[in-house]
Amino acid sequence: MSLLEIDNLSVDYRVGSGSLRAVDHVSLRVEPGEAVGIVGESGCGKTSLGLSIPMLLPGNAEISSGSITLADHELVGMSEDQLNQLRWSAVAFVFQGAMNALNPVQRVDRQILEAITAHEAKADKHEATERVLQLLDLVGISPARAKSFPHEFSGGMRQRAMIAMALACRPSLLIADEPTTALDVISQAQILALLSSLRRSEDLSVLMISHDLSAIKRVCDRIIVMYAGVIVESGRTEEVLGRRGEPAQAAHPYTQALIGAHPDLHGERVLAQGLPGHPPDLSKPIAGCRFADRCPYAMPVCREVVPPTLAISAGHIAACHLLSKGAS
Ligand code: SF4
């Protein structure tokens, strides 16, 4: 059984007197020890999808359909008390810009210690203190720096401290939302290397939400591409994005456009191509393919019929009429 199973999940936001559907009947799986990346432009639904797993959606959002099963626990419909038992211990979340969430007037070790004692009421104080030092060591921060205040850390160190805090109660799933945003390139590389090594050393599953294809490529076994609230393609990262020196085999025009908009440091030197236009207004009904207004291959059928999701190879799927037999 998968560690995380999401089936037919829809998330709606109340906006003014209406509503918009940010996540529309999305299904996915994350296996134990697997790293899965969710990629897409801002507003594609990836963060709403991530926040719905630990039920941390904002007040104007609701799960309108579907189920989320984490390690055999159905999370949709759980009480807040039941969810609090699972947050941090089964699933932890590193929020976008998390490094700025540290309390500026409290020492870093104290903040991580509080995360442990808040979720493990019976934790032995001495053992918990030892665990804080081990966690800091695990994320590459010398335990000698444990008594520092956040402002004495670099951005990369603060982000690593937040990851240490997220691991404080030994979760089996870590959800990281844009974990490298706002960091310099060296810190970005360090955080990505850290996530990769934690997966193995801590037997951790990772769900990484990012707009950065190179970050996904570096950490994730599988990639899920979202557009306007739906999954348009998913598959093994090295197949969809291509291994170093080998061409990408992305099948969906949106994934191809994302790849084309992303500079490749290892491939041929080509000018990155921007993706003109905007995603559709999700507060209005959309007929056919949601990418049709921006797709260079759009056909009449694309504006009328929702493209079916088709298998391209083992574990690689995409939803595009071009893949249907007889498409011209
Ligand atoms: Fe483009 Fe049509 Fe495929 Fe949508 S279904 S991505 S509009 S070709």
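In what follows, residues are counted from 1 in the order of the sequence shown. Remember, it's a predicted structure, so these values are computed and weren't measured experimentally. Order of appearance sets the numbers: ligands from 1, and atoms from 1 within every ligand.
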Side chain to side chain contact (heavy atoms under 4.5 Å, CB included) with L75: of I63, T69, L86, only one passes, and it is L86
Below 2.8 Å, which protein N, O or S atoms neighbour atom 4 (Fe) of ligand 1, ignoring water?
C289 SG
Return the orientation label for the Y254 and H252 ring planes: parallel under 30°, perpendicular over 60°, tilted otherwise.
perpendicular
Under the criterion side chain to side chain contact (heavy atoms under 4.5 Å, CB included), which of L192, V36, I191 is the partner of V219?
L192
Side-chain atoms of residues 288-300: list all donor-acceptor pairs with protein atoms under 3.5 Å, sequence neighbours left out, distances to 0.1 Å.
{"from": "R290", "atom 1": "NH1", "to": "A228", "atom 2": "O", "distance (Å)": "2.6"}
{"from": "R290", "atom 1": "NH2", "to": "D24", "atom 2": "OD2", "distance (Å)": "2.6"}
{"from": "D293", "atom 1": "OD1", "to": "R303", "atom 2": "NH1", "distance (Å)": "2.8"}
{"from": "R294", "atom 1": "NE", "to": "P276", "atom 2": "O", "distance (Å)": "2.9"}
{"from": "R294", "atom 1": "NH1", "to": "E41", "atom 2": "OE1", "distance (Å)": "3.0"}
{"from": "R294", "atom 1": "NH1", "to": "E41", "atom 2": "OE2", "distance (Å)": "3.4"}
{"from": "R294", "atom 1": "NH1", "to": "Y227", "atom 2": "OH", "distance (Å)": "3.2"}
{"from": "R294", "atom 1": "NH2", "to": "E41", "atom 2": "OE2", "distance (Å)": "3.1"}
{"from": "R294", "atom 1": "NH2", "to": "L275", "atom 2": "O", "distance (Å)": "3.4"}
{"from": "R294", "atom 1": "NH2", "to": "G277", "atom 2": "O", "distance (Å)": "3.1"}

For P308, which residues count as a side chain to side chain contact (heavy atoms under 4.5 Å, CB included) partner, sequence neighbours excluded?
L310, H321, S324
List the atom pairs, with distances to 0.1 Å, where a side-chain N or O of residues 125-136 and a protein N or O form a donor-acceptor pair under 3.5 Å, not counting sequence neighbours.
{"from": "T129", "atom 1": "OG1", "to": "K125", "atom 2": "O", "distance (Å)": "2.7"}
{"from": "R131", "atom 1": "NH1", "to": "A168", "atom 2": "O", "distance (Å)": "2.4"}
{"from": "R131", "atom 1": "NH2", "to": "E120", "atom 2": "OE1", "distance (Å)": "2.9"}

